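First listed ligand is number 1; within each ligand, the first listed atom is number 1. Just so you know, these numbers come straight off a predicted model, no measurement behind them.
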Amino acid sequence: MKIGVLTSGGDAPGMNAAIRAVTRAALNSGDKVVGIYDGYRGLVYAKFKDFRRTDVSEILNKGGTILGTARLPEFLYESVRKIAILKMELDGIDALVCIGGDGTYRGALDLSNMGVKVVTIPGTIDNDIASSDYTIGFSTALNTACDAIDKLRDTSSSHQRCSIIEVMGRHCGDLALFSGICCGAEYIITNETGLDKENLLESLKKNRLEGRRHAIVVISENITDVHELAKEVEKYSGYECRATILGYVQRGGAPSPEDRLLASRLGKYAVDLLHEGVYGVACGVVGNELKATPLAEALKQQRKSQLELNNLAKKIS
Ligand code: F6P
């Protein structure tokens, strides 16, 4: 087979490890591999390179993606996808491995519905692909967030401040929930918990009256303006308050061993599925077992609310 591999959407640490695993597993089985640059855009503009094993040397430990990535809203149009399919045919590409998040999965499903042999690998720091327990990049981003929150705790404690820290996740609360628990946050706000402002302010005020030197509030992005929230906290709680948006730093850095391992497992698995003639599926690890889920179903699945973790966070704050 001639297998094309691409990364699309927001980059995530470990994408390179996945590209490497796909390439090596395919070449070692006698397939040809084509690196497709800049996501679906590279498919439309035929930005292809035939990969040898050395093209993926020394990338296992590197952040970002050597293939580059992009978001291409125009890929929603069938006419644009037809061009992409034509470019694949002209180059003799038989099948695709698409590494990315939600948007990448939608593009892959649309291609699959048009007859393209495609499998996906979950690569996003958001952990919002429910067909896999973890997505590639989440572990590294969690480490980055924890490192930053620990540092913010130091300065918050010195100044007796409350620190509100906004982490990424798109609409998924996992980064906030996991980092909040790992860093002993006093309060965690996600889409699942919702923002109960009165409760937040009361609880911070109580903390302050009990003489606690600082408070850490971890909040998912896309919930509220954290700088405005900091002003309100300062007004009502008795704490001075500062807001920090961690932002794109969460997407960078060398992938953690967990992400390298996950990416390596899923990259090889994607190639195995193609060999078995299984297409139109999303690769994942569920309960530590490799699992293929039909793309349409994977896109419908919602990450289950982390009830146990939400309760845990409350009980040990
Ligand atoms: O999907 C990954 C992610 O980093 C989200 O956490 C964030 O909301 C979004 O991408 C940012 O996207 P962009 O790079 O297009 O600004």
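- For Glu232 and Lys235, the salt-bridge test fails: no basic side-chain N is under 4.0 Å from an acidic carboxylate O.
- Across Asp126, Thr104, Asp11, Asn222, heavy-atom proximity to atom 6 (O) of ligand 1 is greatest for Asp126.
- Ion pairing between a basic and an acidic side chain is recognised when a charged N comes within 4.0 Å of a carboxylate O; Arg251 and Asp11 show such pairing.
- Residue Gly169 approaches ligand 1 through these ligand atoms, each under 4.0 Å from one of its heavy atoms: 6 (O).
- Ranking protein heavy atoms by distance to atom 16 (O) of ligand 1, first place goes to Tyr248 OH, 2.4 Å.
- The protein heavy atom nearest to atom 8 (O) of ligand 1 is Glu221 OE2, 2.7 Å.
- Every atom of ligand 1 with a heavy atom of Met168 under 4.0 Å away is listed here by number and element: 4 (O), 6 (O).
- With salt bridges taken as basic N to acidic carboxylate O contacts below 4.0 Å, one links Asp102 and Arg106.
- In this structure, atom 15 (O) of ligand 1 lies nearest to the protein heavy atom Arg71 NE, 2.8 Å.
- When all heavy atoms of Gly252 and Thr140 are compared, the closest pair comes out as O-CG2, 4.3 Å.
- Between Tyr187 and Asn199, the side chains place a donor N or O and an acceptor N or O closer than 3.5 Å (distance only, hydrogens not considered).
- In this structure, Thr23 has no side-chain hydrogen bond (donor to acceptor under 3.5 Å, both in side chains) partners at least two apart in sequence or on a different chain.
- Counting only heavy atoms of the protein, atom 3 (C) of ligand 1 lies nearest to Arg251 NH1, 3.4 Å.
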